[in-house]
Amino acid sequence: MYNVSFPGLGINLKINPTAFSIGGHNFTWYGIILAVAFLVAFFYVLKSCKRFHMDEDKLIDAVIVGIITGIIGARLYYVLFDASTEYLSNPISILYVWQGGLAIYGGIIGGLLGGGLMAKHRKISVPAVLDLASLGFLIGQSIGRWGNFVNQEAFGTETDLPWRMSSEATEAFSSIGVHPCFLYESLWCLLGFVLLHIFSRRFRRYDGQVFLLYIVWYGIGRFFIEGLRTDSLLTPYIPLRISQIVAAASVLAGVVLLIVFRKRTVLTGCGSKKIMELNSIIDVVPEKKEEKEEEVPLDDGTSTIFESAADAKTVLAGGSIRDDVTKPAVSADDDAEESESTDEANQKEPQQETDDSADSESTEE
């Protein structure tokens with residue numbers, strides 16, 4: 001149990017790292033938060049498949065492999081750069097992942113390598129997969145960093161800023177408070193996700209561009225945030241943390257590649273409308289179909305059986321409807337036309353009789 005406070009903000013919390021226990025086995029908030037982070041990122045990636053013109057089943061294969069290789073990479077990264085002799089003296093402890101010791105950069109590198117190779121095997125665009133994966137990473141990192149808060153780890157050096165954090169875990173480093181580095185990185189990743197999400201839908205010019213922007217964005221934030229932390233792996237020769245060196249190298253590589261590929265226009269999914277038209281791509285936007293209720297005509301009181309309401313009342317009263325009432329009225333124009341037709345018929349009859357007489361006379365002759 002930790003008593004966590006933010007003195008400058010007047011916030012005091014009691015945090016138990018263990019969420020619940022079943023059969024003597026503890027389930028920690030850290031694991032639950034990481035699971036939620038993964039699920040949110042996973043569903044976002046699946047939801048975006050259609051916009052990126054990517055097959056969901058093939059992408060799922062790449063994600064599964066990426067998760068496995070990501071965990072392996074995170075553990076190996078931590079073990080390789082750990083300055084202690086624990087893993088040399090007891091090599092089997094390398095497998096004790098539940099005891100902690102996972103490095104985010106190792107996880108990213110391992111996940112990208114494994115997922116990328118699987119994507120290539122399944123014959124889907126690897127750069128497009130990297131674009132989508134980078135957006136998922138930002139979601140996962142933004143949510144997952146709160147697991148560090150629950151465990152009261154990954155915090156920074158002493159500070160008197162209004163948002164400083166203090167707990168039993170930070171007292172060994174400061175009596176007034178430390179930098180809440182987990183919060184810095186969480187907000188940095190959340191902002192990066194929002195910006196790159198918008199960029200991927202409207203401005204992406206080629207597959208892989210979002211991924212390059214991701215490693216630049218995350219690298220910049222990680223370089224400065226890592227410099228504040230007190231528990232990072234240090235390099236043996238220079239006063240820099242290993243993650244800072246990796247972050248700086250990522251930023252440099254990303255900027256160089258962005259410049260090299262600045263005229264590239266190979267796109268397979270959503271992005272700049274101009275580039276999409278150039279690649280003959282139709283943007284697939286999830287349609288929001290709203291079911292419209294069929295308009296039912298209002299009942300105006302007119303019967304569909306009787307000619308009028310008066311006729312209906314008559315029938316209901318036991319009476320009968322007269323023919324002259326039910327018969328449609330004939331207009332004056334109709335009378336005139338009928339009269340003219342009768343006159344024409346009468347005029348033709350005498351002529352017919354004359355013709356018949358003439359025929360009869362000719363026959364007699």
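- In this structure, Leu267 and Arg205 have side chains that are not in contact, with every pair of non-hydrogen atoms separated by 4.5 Å or more.
- The two residues Gln244 and Gly227 make their nearest non-hydrogen contact at NE2-CA, 3.4 Å.
- Distance check, rounded to the nearest 0.5 Å: CZ of Arg241 to CZ of Phe223 gives 10.5 Å.
- For the pair Tyr77 and Ile242, the minimum side-chain heavy-atom distance is below 4.5 Å.
- In this structure, Asp55 contributes its side chain and Asp57 its backbone to a donor-acceptor pair below 3.5 Å.
- Partners of Leu9 according to the side chain to side chain contact (heavy atoms under 4.5 Å, CB included) rule, which considers only residues two or more places apart in sequence or in another chain, are Phe6, Ile11, Trp163.
- With a 4.5 Å cut-off on side-chain heavy atoms, Ser5 and Met165 do not count as touching.
- No donor-acceptor distance shorter than 3.5 angstrom exists from the side chain of Ser186 to the backbone of Phe182, with no hydrogens or angles considered.
- Closest heavy-atom contact between Cys181 and Leu228: SG-CB, 3.9 Å.
- Contacts of Glu56 classified as side chain to side chain donor-acceptor pair (under 3.5 Å), with partners at least two apart in sequence or in another chain: none.
- Annotation: side chain of Arg164 is not in contact with side chain of His179 (no heavy-atom distance under 4.5 Å).
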### Message
Before you tell me yes or no, could you show the steps for Lys274 and Glu277 under salt bridge (charged side-chain N to carboxylate O under 4.0 Å, His left out), namely the whole-Å CA-CA distance, both residues' side-chain angles and the distance that decides it to 0.1 Å?
### Response
CA-CA 5 Å; Lys274 182 178 179 180; Glu277 291 175 0; over 6 Å; no
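- Between Arg201 and His197, the closest side-chain pair of non-hydrogen atoms falls below 4.5 Å.
- Ring-centre distance between Tyr44 and Phe193: below the 6.0 Å cut-off.
- Pairing each heavy atom of His53 with each of Gly269, the nearest pair is CD2-CA, 4.1 Å.
- Contacts classified as side-chain hydrogen bond (donor to acceptor under 3.5 Å, both in side chains) and involving residues 261-270 (residues at least two apart or in different chains) are given here: Asp207-Thr268.
- A search for ring pair (Phe, Tyr, Trp, His ring centres under 6.0 Å) contacts involving Tyr30 returns nothing, not counting sequence neighbours.
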Acceptor/donor pairs from residues 16-26 side chains to any protein atom, 3.5 angstrom cut, sequence neighbours excluded:
unit_1, atom_1, unit_2, atom_2, d
Asn16, OD1, Thr18, N, 3.1
Ser21, OG, Asn26, OD1, 2.5

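- In this structure Asp160 satisfies the side chain to side chain contact (heavy atoms under 4.5 Å, CB included) test together with Ile176, sequence neighbours excluded.
- In this view, Phe261 satisfies the ring pair (Phe, Tyr, Trp, His ring centres under 6.0 Å) rule with no residue, not counting sequence neighbours.
- With hydrogens and angles left out, the side-chain atoms of Asp131 and Gln209 include no donor and acceptor closer than 3.5 Å.
- At least one side-chain heavy atom of Tyr214 sits under 4.5 Å from a side-chain heavy atom of Leu138.
- Atom CD1 of Ile94 and atom CG of Leu76 lie 7.5 Å apart (nearest 0.5 Å).
- Listed by chain and residue number, Ile220, Val251, Val255, Leu258 satisfy the side chain to side chain contact (heavy atoms under 4.5 Å, CB included) test with Val216 (two or more places apart in sequence, or in another chain).
- Counting heavy atoms from C-beta outward, Ser272 and Arg202 have side chains that stay 4.5 Å or more apart.
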Show the atom names and distances, to 0.1 Å, of all donor-acceptor pairs under 3.5 Å that link a side chain in residues 101-122 to residues at least two apart or in another chain.
unit_1, atom_1, unit_2, atom_2, d
Arg122, NE, Asp61, OD2, 2.9
Arg122, NH2, Asp61, OD2, 3.3

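- The side-chain heavy atoms of Phe52 and Cys270, taken from C-beta on, include a pair separated by under 4.5 Å.
- Shown here are the side chain to side chain contact (heavy atoms under 4.5 Å, CB included) partners of Leu191, two or more places apart in sequence or in another chain: Leu195, Trp217.
- Minimum interatomic distance between Ile215 and Ser250 (heavy atoms only, all atoms of both residues): CD1-O, 3.9 Å.
- Within a 6.0 Å sphere centred on CZ of Phe27, heavy atoms belonging to other residues, nucleotides or ligands number more than 12.
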Extract all donor-acceptor atom pairs below 3.5 Å that involve side chains of residues 147-156 and protein atoms in other chains or at least two apart in sequence.
unit_1, atom_1, unit_2, atom_2, d
Asn148, OD1, Arg145, NH1, 2.7
Asn148, ND2, Glu153, OE2, 2.9
Gln152, OE1, Ser167, OG, 2.5
Gln152, NE2, Phe149, O, 3.0

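- Listed by first and then second residue, the salt bridge (Lys or Arg N to Asp or Glu O under 4.0 Å) pairs that reach into residues 11-27 come to none, sequence neighbours excluded.
- Across all non-hydrogen atoms, the minimal contact from Asn90 to Ser93 is O-OG, 2.5 Å.
- Residues Ile68 and Leu34 fall into different hydrophobic clusters, defined by Ile, Leu, Val, Met, Phe, Trp and Tyr side chains chained together at heavy-atom separations under 4.5 Å.
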